[in-house]
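Here is the structure we will look at, set down as structure tokens.
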Protein chains: 2
Amino acid sequence: MSRWEPNARGRLEQAALALYGERGYEKVTVAEIAARAGLTERTFFRHYADKREVLFDGSNRLQQTLLDAVAGAPPGQPPIELVGTAIAALGALFDAGERRELARQRQAVIDRNPELQERELVKLARLGAALTDALHEHGIPVPAASLAAQIGMAVFRVTFVRWLDGAARRSFAELAGAAFDELREMTSRSTPPTART
Amino acid sequence: MSRWEPNARGRLEQAALALYGERGYEKVTVAEIAARAGLTERTFFRHYADKREVLFDGSNRLQQTLLDAVAGAPPGQPPIELVGTAIAALGALFDAGERRELARQRQAVIDRNPELQERELVKLARLGAALTDALHEHGIPVPAASLAAQIGMAVFRVTFVRWLDGAARRSFAELAGAAFDELREMTSRSTPPTART
């Protein structure tokens with residue numbers, strides 16, 4: 001926010017993730033995060049409401065990117081393609097700079113704390129609801145919109161885990177595309193269920 | 001558990017859901033639930049650990065039904081069919097007796113309480129993880145197993161909401177089959193993404 005503190009936000013995030021990993025999320029204070037980043041507590045609070053927000057602030061950007069991608073898509077695109085475009089657009093966030101390493105640190109912190117896991121699930125559920133609304137506003141009828149959005153979130157979850165794993169070092173956008181291809185392959189090989197009550 | 005208390009478990013559930021709806025989940029005590037059901041607190045605690053468990057106890061049965069359906073499927077079934085069979089098998093629970101009305105009451109209670117919503121999301125996430133493991137144990141390789149399980153959970157979520165809505169009074173099993181048909185239709189009409197990084 002201030003020209004005397006270049007990339008304060010990023011430095012605070014890196015400092016927080018490093019400290020959470022070293023000492024456990026519960027034990028770390030905002031004062032320590034600010035000190036590690038070489039900044040003041042006041043600066044911390046200009047960027048984040050509390051130490052938890054450092055972990056979840058990114059989900060607002062995720063949501064905005066998803067919604068912008070849907071809003072910017074040509075009208076008449078089939079729902080699954082629209083969702084595929086939106087999920088792949090998240091690559092712009094995930095595939096930038098050192099995001100994968102920071103995301104891994106973040107995930108390790110969350111995996112150790114049930115309260116943070118709940119928070120993550122709530123954020124994902126909201127993302128799914130926002131995607132449903134966006135698809136609906138883009139002209140997809142409600143029943144198809146919720147199915148497509150939930151399918152999109154399913155592909156997102158799988159892609160995110162694969163990207164974090166990242167042995168193959170493939171980009172998020174590439175992994176998202178591959179997961180949608182797998183989905184198509186899976187559903188085309190299956191036949192409609194025979195027994196229906 | 002005792003022959004002098006026929007259907008004590010069901011009576012306690014009905015009493016709890018009625019009271020949660022009338023007075024708010026937070027305000028209701030176990031003593032009140034037991035009294036409304038015409039049973040003792042001791043009987044309550046023979047069936048449920050606390051008043052929250054009345055709402056979430058069913059998820060163990062959901063999970064068992066899903067896993068049994070996967071384990072009992074013929075080997076070599078494509079992943080999406082396997083998942084379709086498993087989700088449709090939940091109809092045995094949802095389509096029994098007055099389940100839909102009780103499920104609606106339960107959902108209304110959960111929708112009013114953020115802590116219960118978080119709990120519900122945690123239960124669903126565990127269900128998805130258990131389904132992934134079951135598919136893997138049934139011979140599906142890990143990457144396909146997690147995608148198929150997440151797709152299954154997506155269809156489950158959509159089906160559950162439609163079943164609760166239930167204007168059309170269609171059974172859960174029927175709605176699940178229809179949602180998988182929609183998924184097939186959606187993915188077959190889409191074309192692979194053109195741009196891949």
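Below, chains carry the letters A, B, ... as their sequence lines are ordered, and counting in each starts from 1.
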- Should B:L102 and B:V161 be regarded as members of a common hydrophobic cluster, given that ILVMFWY residues are connected when their side-chain heavy atoms come within less than 4.5 Å of each other, either directly or indirectly? no
- Query: What class does the angle between the rings of A:F160 and A:F94 fall in, given that below 30° is parallel, 30 to 60° is tilted and above 60° is perpendicular?
  - Reply: tilted
- Task: Report, by ascending residue number, the residues of residues 136-145 of chain A in heavy-atom contact with chain B at a distance under 4.5 Å; give 'none' if the set is empty.
- Result: A:P143, A:A144
- Item | Six-ring centre of A:F172, A:R162 cation under 6.0 angstrom, axis tolerance 45° | no
- Part of residues 12-22 of chain A lying next to chain B, heavy-atom separation under 4.5 Å: none
- Heavy-atom donor-acceptor pair, A:R11 side chain to A:P6 backbone, under 3.5 Å: yes
Can I get a per-line list of side-chain donor-acceptor pairs under 3.5 Å for residues 62-80 of chain A, giving both atom names and the distance, sequence neighbours left out?
from	atom 1	to	atom 2	distance (Å)
A:Q64	NE2	A:D68	OD1	3.0
A:T65	OG1	A:R61	O	2.8

- With chain B, the option among A:T85, A:V158, A:L147 that has the most non-hydrogen atom pairs under 4.5 Å is A:L147
- Note on the structure: Listed by number, the residues in residues 107-123 of chain B that come under 4.5 Å of chain A (heavy atom to heavy atom) are B:E118, B:L121, B:V122
- Query: Should B:I151 and A:L183 count as side-chain neighbours, where that means a heavy-atom distance under 4.5 Å?
  - Reply: yes
- Rounded to the nearest 0.5 Å, how far apart are CG of A:L164 and CD of A:Q105? 11.5 Å
- Backbone N/O of A:L93 and side chain of A:R99: donor-acceptor pair under 3.5 Å: no
- Message: For the CG atom of B:N60 and the CZ atom of B:R126, what is their distance to the nearest 0.5 Å?
- Response: 9.5 Å
- Message: Apply salt bridge (Lys or Arg N to Asp or Glu O under 4.0 Å) to residues A:D181 and A:R184 and explain how you reach the verdict.
- Response: CA-CA 5 Å; A:D181 288 346; A:R184 265 183 286 271; 3.1 Å; yes
- Task: Would you check, one step at a time, whether the test side-chain contact (heavy atoms from CB on, under 4.5 Å) holds for A:D50 with A:E53?
- Result: CA-CA 6 Å; A:D50 52 37; A:E53 207 200 322; 3.6 Å; yes
- Gap separating the CE atom of A:M153 from the CD1 atom of A:I87, nearest 0.5 angstrom: 6.5 Å
- Message: Report which part of A:A148 has an atom under 4.5 Å of a heavy atom belonging to chain B: side chain, backbone, both, or neither.
- Response: both
- Here the gap from A:W163 atom CH2 to A:F156 atom CZ, rounded to the nearest 0.5 Å, amounts to 9.0 Å
- Task: First locate atom CZ of A:R23, then atom NZ of A:K27, and finally report the distance between them rounded to the nearest 0.5 Å.
- Result: 7.5 Å
